[in-house]
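Before any comments, here is the structure.
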Number of protein chains: 2
Amino acid sequence: MARTSGSQSAVTGPRIHATALRLFAEQGYAAVSMRQIAAEVGVQAGALYAYTTGKQALLFDLLRAASTDLSAAWEAAPKGSGSVAHLEAFARVEIGFRIDHPWAARLASSELRALAPDSLAAILTLRQRHEAALEAILRTGQAAGVFRIAEPRITALALLAMWSGVAFGYTDGIRPNRERVERIGWNLTRKAVGA
Amino acid sequence: MARTSGSQSAVTGPRIHATALRLFAEQGYAAVSMRQIAAEVGVQAGALYAYTTGKQALLFDLLRAASTDLSAAWEAAPKGSGSVAHLEAFARVEIGFRIDHPWAARLASSELRALAPDSLAAILTLRQRHEAALEAILRTGQAAGVFRIAEPRITALALLAMWSGVAFGYTDGIRPNRERVERIGWNLTRKAVGA
DNA sequence: GTCTATATGCTGATAGAC
DNA sequence: GTCTATCAGCATATAGAC
């Protein structure tokens with residue numbers, strides 16, 4: 001990145017966020033310096049502060065966007081009717097999001113610990129609202145006798161982890177076929193909950 | 001046994017490893033300083049270098065121990081006969097290890113990225129040997145018609161992730177009942193693979 | 001084995017020129 | 001909006017006294 005001077009705000013802003021997202025997810029928040037982000041974007045470190053108030057704010061913005069993007073994907077998804085259809089829709093949104101946005105998904109699962117307490121609380125509120133939707137699906141299906149599961153809370157955590165395993169397993173290899181990965185993940189899910 | 005007044009090597013060495021393991025797992029390798037480790041152990045930073053050649057070596061030793069301890073637990077486990085019994089034994093070892101050694105398990109899943117290339121290769125060799133054992137169980141059961149699964153490799157990654165989800169879900173709450181968590185995890189596993 | 005002191009370099013962030 | 005220059009602090013690691 002060899003650019004030396006000039007004003008590029010419409011380009012630089014998004015590039016800063018995309019670069020920070022990838023580096024934070026790959027190496028961890030604490031291991032990445034503002035100078036490193038700037039170098040990959042192609043500006044000097046001081047220029048970053050025209051777009052963010054600091055490193056912490058950059059992380060918070062990225063984690064908030066990851067949470068709201070995932071929730072928005074779930075809100076927008078076609079859901080069908082019945083607990084089984086709802087669970088399939090949820091599984092496909094979760095797996096698909098991890099395939100389409102691997103850095104955001106990885107950041108959200110590993111760097112919450114780097115947030116200041118107030119920022120952490122804000123992100124956890126967003127996240128818990130989303131996870132509660134999954135737990136509600138499991139409870140409803142359990143009450144209706146459609147799912148045979150021991151504890152909805154633990155089952156939800158197990159499924160979320162499994163969806164990460166499936167999606168990242170493919171992401172680590174060759175370019176994944178999204179429909180195929182979603183189908184494999186859903187088949188494991190359907191059988192695990194006894195549907 | 002006569003000892004110099006400030007000398008506590010039999011105590012300090014294990015304490016350094018235990019403290020570094022917990023801090024690295026909780027906060028990430030890059031976020032933890034040698035001064036912080038020393039402070040929690042109760043010595044000055046310079047004293048750490050009587051036990052390790054540096055921060056990188058400390059991480060490598062901890063990750064190697066985590067891998068060999070897990071493999072040793074699998075080698076020592078009673079396995080029964082048949083693919084189903086083998087898979088149950090493997091699942092219980094994996095879940096039990098995560099309950100008994102949560103910091104080691106978390107470190108192994110998140111801080112490989114902080115290793116130098118040569119060290120990383122050494123750890124990956126240990127890990128892949130262990131994961132291959134799981135994949136072999138799945139392939140054998142698949143060939144025998146005992147498991148109904150799409151792809152052993154991806155199924156293995158999905159199961160490993162799910163076991164983490166189950167074990168850490170409980171670890172995050174009150175003190176887990178090991179047998180109970182293993183049983184819930186095994187039930188999900190058994191159904192997911194169609195056994 | 002542990003301490004204190006220190007070498008050397010990198011960190012996040014800011015100031016002011018253009 | 002981006003640059004250069006800089007500040008104050010903390011990082012890993014080492015040297016030498018005890």
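Labels below follow one simple rule: chain letters A, B, ... track the order of the sequence lines, proteins then strands, and each chain is numbered from 1.
- In this structure, A:Gln36 atom CD and C:dC10 atom P are separated by 13 Å, rounded to whole Å.
- Along DNA chain C, the nucleotide nearest A:Gly46 and the nucleotide nearest A:Ala31 are compared for position; the residue whose nucleotide lies closer to the 5' end is A:Ala31.
- Side-chain atoms of B:Lys191 do not come within 3.5 Å of backbone N or O of A:Leu188 as any donor-acceptor pair.
- The NZ-P distance, from A:Lys55 to C:dT14, rounds to 15 Å in whole Å.
- Residue A:Ser33 places none of its side-chain N or O atoms closer than 4.0 Å to OP1 or OP2 of C:dC10.
- Note: CG (A:Leu23) to P (C:dT11) measures 13 Å, nearest angstrom.
- In this structure, OH of B:Tyr49 is placed 18 Å from P of D:dG16, rounded to the nearest angstrom.
- Close to D:dT2, at under 4.0 Å from its OP1 or OP2, lies a side-chain N or O of A:Thr12.
- Listed for the B:Gln56 side chain is a donor-acceptor partner under 3.5 Å among the backbone atoms of B:Ala114.
- Nucleic acid contact class of B:Val41 (heavy atoms, under 4.0 Å, all strands): none.
- Side chain to side chain, A:Ser71 and A:Arg129 fail the donor-acceptor criterion of an N or O pair below 3.5 Å.
- At D:dT2, one or more side-chain N or O atoms of A:Tyr51 fall inside 4.0 Å of OP1 or OP2 (strictly under the cut-off).
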Open item on the list: B:His130 vs B:Glu94, test: side-chain hydrogen bond (donor to acceptor under 3.5 Å, both in side chains). Steps then yes/no.
Closed with: CA-CA 11 Å; B:His130 182 69; B:Glu94 292 285 327; 2.5 Å; yes
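- Put simply, CE on A:Met34 is 21 Å from P on D:dC7, counting in whole angstrom units.
- Protein atom CD of A:Gln27 is 11 Å distant from nucleotide atom P of C:dT11, rounded to whole Å.
- Summarising the geometry, the separation between CD on A:Gln44 and C1' on D:dG1 is reported as 13 Å, rounded to the nearest angstrom.
- Ranking C:dG12, C:dT2, D:dT2 by closeness to the A:Arg35 side chain, first place goes to C:dG12.
- Aromatic ring orientation, B:His86 versus B:Trp74: perpendicular (interplanar angle above 60°, classes split at 30° and 60°).
- Minimum atom distance to the side chain of A:Val43 is reached by D:dC3, of the listed C:dT2, C:dA13, D:dC3.
- In this structure, A:Val11 reaches neither bases nor backbone, as no heavy-atom distance under 4.0 Å exists between it and the strands shown.
- Regarding B:Arg15, its CZ atom lies at a distance of 16 Å from the P atom of C:dG1, rounded to whole Å.
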